[in-house]
Amino acid sequence: IVNFHDNILMPIIIIVSLFVLGLLVWIIVRYNAKSNPKPATFTHNTTIEIIWTAVPVLILLFIAIFSFPLLYKEDVVPSKYDLTIKATGHQWYWEYEYPDYEGVSVTANMLETREEAQKAGKPFRLGTDNAIIVPVGKVVRLQTTAADVIHSWTVPEFGVKIDAVPGKLNQEWFQVEKTGTYYGQCSEVCGIKHYGMPIEVKVVSQAEFDAWIASQKSASTDTIKFAAK
């Protein structure tokens with residue numbers, strides 16, 4: 001995505017913008033009333049009209065050569081994926097389930113105050129009380145839905161933006177090659193606290209991920225035993 005933007009789109013945008021600017025300046029200088037007191041009377045030029053129709057079409061076709069395969073790769077989940085996470089949007093928080101690991105789920109609420117965020121060492125209005133944990137280098141299938149209204153799960157650094165729609169299960173995928181913490185936000189206006197649905201993803205080693213899963217299973221088992229008592 002970055003390569004397509006930086007090396008394909010940006011040069012085309014700059015060249016077209018400079019060309020149009022040059023035409024405007026030339027027309028303003030050459031054909032203003034002072035420089036051209038007697039305007040031309042012709043209204044059409046078939047050659048020019050063919051050129052300004054054909055050239056944009058060729059430019060769009062050139063862009064399509066690179067963008068269509070990229071769009072397909074973004075949209076189609078690889079047949080071999082390592083992990084599935086189901087994200088359910090609520091007004092106003094995210095709920096995450098790990099279907100591959102029975103009983104493992106977390107809810108992620110925004111840290112409401114600047115003091116809470118600073119204490120946790122997280123950016124204000126992006127940090128959450130619980131991050132979702134994924135292993136580095138693994139293909140993650142993300143399923144999205146919503147419990148109330150339409151939300152949108154978006155993490156710019158992953159190149160992922162997918163709607164969470166009530167009664168429908170959408171899916172997307174991502175694969176992160178570098179450990180660290182990544183942030184995103186709900187990108188579909190969903191009500192008065194739309195701003196309060198940040199996304200925090202922590203990418204860790206496989207060993208750290210396995211340890212986290214084990215701790216979540218243990219906590220879940222303890223909760224069930226306590227409830228039974």
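- Side-chain N or O atoms of Asn170 include none that pairs as donor or acceptor with a backbone N or O of Thr144 at under 3.5 Å.
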Between Val29 and Val25, does the side-chain contact (heavy atoms from CB on, under 4.5 Å) criterion hold? Intermediate values first, please. CA-CA 6 Å; Val29 173; Val25 171; 4.3 Å; yes
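- Leu9 is connected to Leu70 through a chain of hydrophobic side-chain contacts under 4.5 Å among Ile, Leu, Val, Met, Phe, Trp and Tyr, so both are in one cluster.
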Can Leu126 and Gln185 be said to form a side-chain contact (heavy atoms from CB on, under 4.5 Å), step by step? CA-CA 7 Å; Leu126 283 177; Gln185 291 175 302; 3.6 Å; yes
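- Side-chain contact between Glu157 and Val176 is absent, with no heavy-atom pair separated by less than 4.5 Å.
- Tyr31 and Trp26 have perpendicular rings, their planes meeting at more than 60° on a 0 to 90° scale where under 30° would count as parallel.
- Closest heavy-atom contact between Asp148 and Gly89: OD1-O, 3.9 Å.
- Ring geometry for Tyr101 against Phe209 counts as perpendicular: the plane angle is over 60°, on a 0 to 90° scale with 30° as the lower cut.
- Counting heavy atoms from C-beta outward, Trp92 and Met110 have side chains that stay 4.5 Å or more apart.
- Shortest non-hydrogen contact noted between Glu74 and Trp173 is O-NE1, 3.4 Å.
- The neighbour count for Phe19 CZ, taken as heavy atoms of other residues, nucleotides or ligands under 6.0 Å away, does not exceed 12.
- Residues Gly127 and Pro198 approach most closely at O-CG, 4.1 Å, considering heavy atoms.
- A 4.5 Å side-chain heavy-atom check between Phe62 and Ile12 finds at least one atom pair inside the cut-off.
- Looking only at atom types and distance, the side chain of Thr84 has a donor-acceptor partner in the side chain of Arg141 under 3.5 Å away.
- In this structure, the side chains of Pro135 and Asp82 stay at 4.5 Å or more apart for every pair of heavy atoms.
- In this structure, the side chain of His5 does not engage the main chain of Met10 through any donor-acceptor pair within 3.5 Å.
- Contact record, Trp212 with Ser215: O-OG, 2.6 Å, taken as the closest heavy-atom pair.
- With contacts defined as side-chain heavy-atom distances shorter than 4.5 Å, the pair Val139/Lys80 does not qualify.
- Gln91 contributes a side-chain N or O that, together with a main-chain N or O of Cys190, makes up a donor-acceptor pair within less than 3.5 Å.
- In this structure, CG on Asn109 lies 10.5 Å from CD on Glu95, to the nearest 0.5 angstrom.
- Neither Tyr183 nor Met197 shares a network with the other; the hydrophobic side chains, linked directly or stepwise wherever heavy atoms of I, L, V, M, F, W or Y lie under 4.5 Å apart, form separate groups for each.
- Scanning both residues, Ala64 and Pro69, for their nearest heavy atoms gives O-CD, 3.8 Å.
- Other residues, nucleotides and ligands contribute more than 12 heavy atoms inside 6.0 Å of the CD1 atom of Ile65.
- Both Leu142 and Ile213 belong to a common hydrophobic cluster when Ile, Leu, Val, Met, Phe, Trp and Tyr are linked at side-chain heavy-atom distances under 4.5 angstrom.
- Under the 4.5 Å side-chain heavy-atom criterion for grouping Ile, Leu, Val, Met, Phe, Trp and Tyr, Trp94 is not connected to Val189 through any hydrophobic cluster.
- Ring geometry for Tyr93 against His90 counts as parallel: the plane angle stays under 30°, on a 0 to 90° scale with 60° as the upper cut.
- In this structure, OG in Ser67 is found 9.5 Å from CG in Leu60, a value given to the nearest 0.5 Å.
- In this structure, Val16 is a member of the same hydrophobic cluster as Val55, with clusters built from ILVMFWY side-chain heavy atoms closer than 4.5 Å.
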Kindly indicate, with the supporting measurements, whether the criterion side-chain contact (heavy atoms from CB on, under 4.5 Å) is fulfilled by Phe158 and Tyr182. CA-CA 9 Å; Phe158 295 173; Tyr182 301 82; 3.6 Å; yes
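- Asp210 and Gln206 share a side-chain donor-acceptor pair at under 3.5 Å.
- How far NZ of Lys217 is from CD of Glu102: 8.0 Å, rounded to the nearest 0.5 Å.
- Atom-to-atom distance recorded for Leu83:CG and Asp100:CG is 5.5 Å, nearest 0.5 angstrom.
- From Ile162, atom CD1 reaches atom CD of Gln143 across 9.5 Å, with rounding to the nearest 0.5 Å.
- A heavy-atom distance below 4.5 Å is not found between the side chains of Asn45 and Trp52.
- Within a 6.0 Å radius of NZ in Lys161, more than 12 heavy atoms belonging to other residues, nucleotides or ligands are found.
- Nearest heavy atoms, Thr145 versus Lys86: CG2-CE, 3.8 Å.
- Side chain of Asp163 to main chain of Val165: no donor-acceptor pair is present (N/O by atom type, distance under 3.5 Å, no hydrogens or angles).
- With contacts defined as side-chain heavy-atom distances shorter than 4.5 Å, the pair Ile150/Pro166 qualifies.
- Expressed to the nearest 0.5 Å, how far OG1 of Thr88 lies from NE2 of His151 amounts to 9.5 Å.
- Remark: the Thr128 side chain and the Glu200 side chain contain an N/O donor-acceptor pair separated by less than 3.5 Å.
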